[in-house]
Amino acid sequence: MSFLRMDELDIGGKRVMIREDFNVPLEAGRVTSDARLRAALPTINMALNRGAAVILLSHLGRPNEGEYSDEFSLAPVAEHLSGLLNRPVKLKKDWLNGVDVEAGEVVLCENVRFNNGEKGNDETLARSMASLCDIFVMDAFGTAHRAQASTEGVIRYAPVACAGPLLSRELYELESALTNPERPMLAIVGGSKVSTKLTVLESLMSKVDELIVGGGIANTFIAASGHDVGQSLYEPDLIHEAQRLIRMAHKKGGEIPIPKDVVVAKSFTKDAEAYVRGVDEVQQDEMILDIGPLTAIDYATMIQGAGTVIWNGPVGVFEFKNFAAGTRAIADAIEISNAFSIAGGGDTLAAIDQFNIADGVSYISTGGGAFLEYVEGKILPAVAALEARFNA
Ligand code: 3PG
Ligand code: MG
């Protein structure tokens, strides 16, 4: 991959605008997992140490475009980041009209998704962002799969556009891990819906030897195997697709295993009472919130036998203590495994933090969707734009 890199440039005294992925989980106005903020620190510190005036951009969540809302404000991020950088981080609300920032200072611009035209990659918007800087640094690997004004668009119009150290490192690590991976290769994909991950599951099937599905996705596969899932979150319309993927796996000599046992509850609440059931014993008024202990052993064994493990998404509602055991078993198995392990995605990073296994994971990506799209072999639009500028 060839593109300009921030560390090759003389950035002293320049207005350096860095696109970050500060899309972090918040609870009651506080950042609950700061992995993405910590991952951005080396780039920001490098820019400051070299005397740049630093302007940071990020999105947060999916607000209604064109409307400010407190709920999606980056204020908690500015505050948390200020603590991590040990210096003030000013939050600028109406920044498209201009940003005052001196060398050695950091200004965080309010959520890019409050601007009309961000998602549609509007040219006028991208040009006004570009006009605020001398150098644009794309460092948001987690958002590199989005062709939006603050990612792909601004790269085309900025006076100079380059990749930041985090983006470069993510691409380098993933490419090294996925070129001639150690086999068998196992992917663990959790999440609530098959519909949002159907193409991912399908292309992963052609790359990996085994695929473990978790969460709501697994419920659809359980239903596709003929079991009643009671009140569980699942997608009846996608049962045929799930069956097709199971057949695809078998044809390749691999499998998408169905849990033997599950943990259920009668309500989706933090302190709901948990019951272990065989997968064919789920009652009408119960919902599946985790894999059961026998399944956890099976999955841990698969992880121990793998040469490469790709992990995106928990297998249960690990935020609730009664439904955390399955995800903990996966995390522990990855921690002790000798497989090359790559993990990515917001929930996955939160689980890695919660179970304190970061040291046992070979590479932790800040990307969720971007990470999966990269693994699938898709071109990330922001990376393509950097390459196009480099080759122009
Ligand atoms: C993510 O968390 O995956 C990225 O920040 C992208 O967010 P998005 O899916 O809302 O574009
Ligand atoms: Mg390990």
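Remember, it's 1-based here, ligands and their atoms both numbered in the order they're listed. Note that these values count all heavy atoms, side chains included, but never hydrogens, waters or copies made by symmetry. Keep in mind the model is a prediction, meaning the values are calculated, not measured. We number each residue from 1, following the sequence as shown.
- S58 and E20 are not linked by any side-chain donor-acceptor pair at a separation below 3.5 angstrom, with hydrogens and angles left out of the test.
- Side chain of N111 to main chain of F72: a donor-acceptor pair is present (N/O by atom type, distance under 3.5 Å, no hydrogens or angles).
- Taking only non-hydrogen atoms, the option from R36, R62, R146 nearest to atom 3 (O) of ligand 1 is R36.
- Which parts of ligand 1 touch N23 is read off a 4.0 Å heavy-atom cut-off, strictly below it: atoms 1 (C), 2 (O), 4 (C), 5 (O), 7 (O).
- For the side-chain hydrogen bond (donor to acceptor under 3.5 Å, both in side chains) with Q148, the qualifying choice from K119, R19, R113 is R113, the only one to do so.
- Checked by atom type and distance alone, the side chain of T327 pairs as donor or acceptor with a backbone atom of V315 at under 3.5 Å.
- In terms of protein heavy-atom proximity, atom 5 (O) of ligand 1 is closest to D21 OD2, 2.8 Å.
- Residue G142 has at least one heavy-atom neighbour below 4.0 Å for each of these atoms of ligand 1: 4 (C), 6 (C).
- Looking at N322, its side chain never comes within 3.5 Å of a backbone N or O of E273 through a donor-acceptor pair.
- Proximity of a side-chain donor or acceptor of Q231 to a complementary backbone N or O of Q284 within less than 3.5 Å is detected.
- Heavy atoms of R113 approach ligand 1 to within less than 4.0 angstrom.
- If you check which protein heavy atom lies closest to atom 7 (O) of ligand 1, you get H59 NE2, 3.2 Å.
- Under 4.0 angstrom from ligand 1, there are no non-hydrogen atoms of Q148.
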